[in-house]
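These notes concern the structure reproduced below.
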Amino acid sequence: MKALNFLMLFFYFSFASVLCSCGFLCEKEEVSFFLPDTYNEQSVTFWKVTVCDSNGICYSKICEAGKNAALEFNRNALSSVLAFPSDVSGANPYGTVYPFDFPVDYKNGFASLVLYSLFLSSENTPAEKEWFLSRFNWQRFIKECAQLDDPWLLDKEQIMNAIAEGKFRKNLLK
């Protein structure tokens, strides 16, 4: 009986792998983001772009400044996009949060880094992280950060803790 169950599981996962590789289960999406050729008025040649999702799957690529960068995502899976300028050392990254339609820029980089840090610091399973973090209103958070003079002056750890505890309030952005 155990051998039969094992055999059934083996065939199920084999079939699922074939479907996934054909794009039936694991849909990927390619999205283009414009990467500026300046960082706070300093010239940039290349950007190191890092994409990370709730599964802890991260990849980086070098992209030319002043052009669109094609990045791949699991369709509609909450993901952090961080872009580090090649010619400016110690700079806060530009960024955005996928699947929302916000540009890769300085202020959105703060929200993206908060999400990235939550992905990597959580001890929950990828499914639990995705479920919990997708319930947070990232669109509103990004819009509120965009209204600030410099969101990078905020206490990132305090904001991360509040989001993780489900106790985030807008007054933390002051």
Side-chain angles (χ1 to χ4, degrees), residues 28-124 126 129-130 132-134 136-165 168-174:
K28 297 282 187 182
E29 178 176 31
E30 188 174 278
V31 179
S32 290
F33 293 95
F34 180 75
L35 297 171
D37 57 2
T38 59
Y39 177 92
N40 292 345
E41 301 179 14
Q42 294 181 17
S43 180
V44 174
T45 310
F46 294 97
W47 293 88
K48 178 184 176 193
V49 180
T50 300
V51 176
C52 191
D53 66 21
S54 62
N55 293 316
I57 297 172
C58 301
Y59 73 91
S60 295
K61 66 188 274 187
I62 303 298
C63 302
E64 195 172 342
K67 296 191 176 183
N68 285 329
L71 305 173
E72 189 174 275
F73 301 90
N74 288 326
R75 187 178 308 279
N76 295 323
L78 189 62
S79 301
S80 167
V81 178
L82 295 169
F84 298 88
S86 63
D87 305 315
V88 184
S89 62
N92 291 323
Y94 277 23
T96 193
V97 175
Y98 171 85
F100 310 117
D101 191 22
F102 292 102
V104 173
D105 69 17
Y106 180 78
K107 291 184 178 184
N108 295 344
F110 178 77
S112 183
L113 186 64
V114 168
L115 177 61
Y116 174 83
S117 300
L118 285 167
F119 280 156
L120 297 184
S121 66
S122 174
E123 295 178 5
N124 295 338
K129 284 189 271 188
E130 175 72 26
F132 183 80
L133 291 173
S134 66
F136 182 72
N137 191 342
W138 290 100
Q139 289 175 302
R140 184 167 178 202
F141 181 66
I142 292 168
K143 287 177 184 177
E144 294 294 332
C145 286
Q147 292 178 0
L148 300 172
D149 289 333
D150 189 352
W152 291 96
L153 300 176
L154 297 171
D155 185 343
K156 182 180 76 115
E157 295 299 320
Q158 183 181 24
I159 291 170
M160 286 175 51
N161 288 334
I163 292 171
E165 293 170 4
F168 178 82
R169 300 289 176 258
K170 183 180 170 181
N171 65 350
L172 288 176
L173 299 179
K174 296 182 181 196

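Side chains included, hydrogens not; waters and symmetry mates left out as well; all remaining heavy atoms used. From a predicted model like this one, the values you see are computed outputs, not experimental measurements. Heads up: numbering here begins at 1 and tracks the sequence.
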T45 side chain to S86 side chain, donor-acceptor N/O pair below 3.5 angstrom: no
Exam field: side chain Y98 to backbone N76, donor-acceptor pair closer than 3.5 Å: yes
Flag, side chain of T96 to backbone of F102, donor-acceptor distance under 3.5 Å: yes
Flag side-chain contact, heavy atom, 4.5 Å: L172 against Q158: yes
Parallel, tilted or perpendicular: rings of Y106 and W152 (30°, 60°): tilted
Main-chain N/O of I57 paired with N55 side-chain donor or acceptor, under 3.5 Å: no
Side-chain donor/acceptor of Y39 to backbone N/O of N92, under 3.5 Å: yes
Flag, side chain of S112 to backbone of N108, donor-acceptor distance under 3.5 Å: no
Test item: N74 side-chain N/O and A77 main-chain N/O as donor-acceptor pair under 3.5 Å: no
Under 3.5 Å donor-acceptor, S122 side chain and L118 backbone: no
Test item: Y59 and E72 side chains (from C-beta on) under 4.5 Å apart, heavy atoms: yes
Heavy-atom side-chain proximity of V104 to F34 below 4.5 angstrom: no
Ring centroid separation F84 to Y94 under 6.0 Å: no
Side-chain donor or acceptor of K129 paired with backbone N/O of L120 under 3.5 Å: no
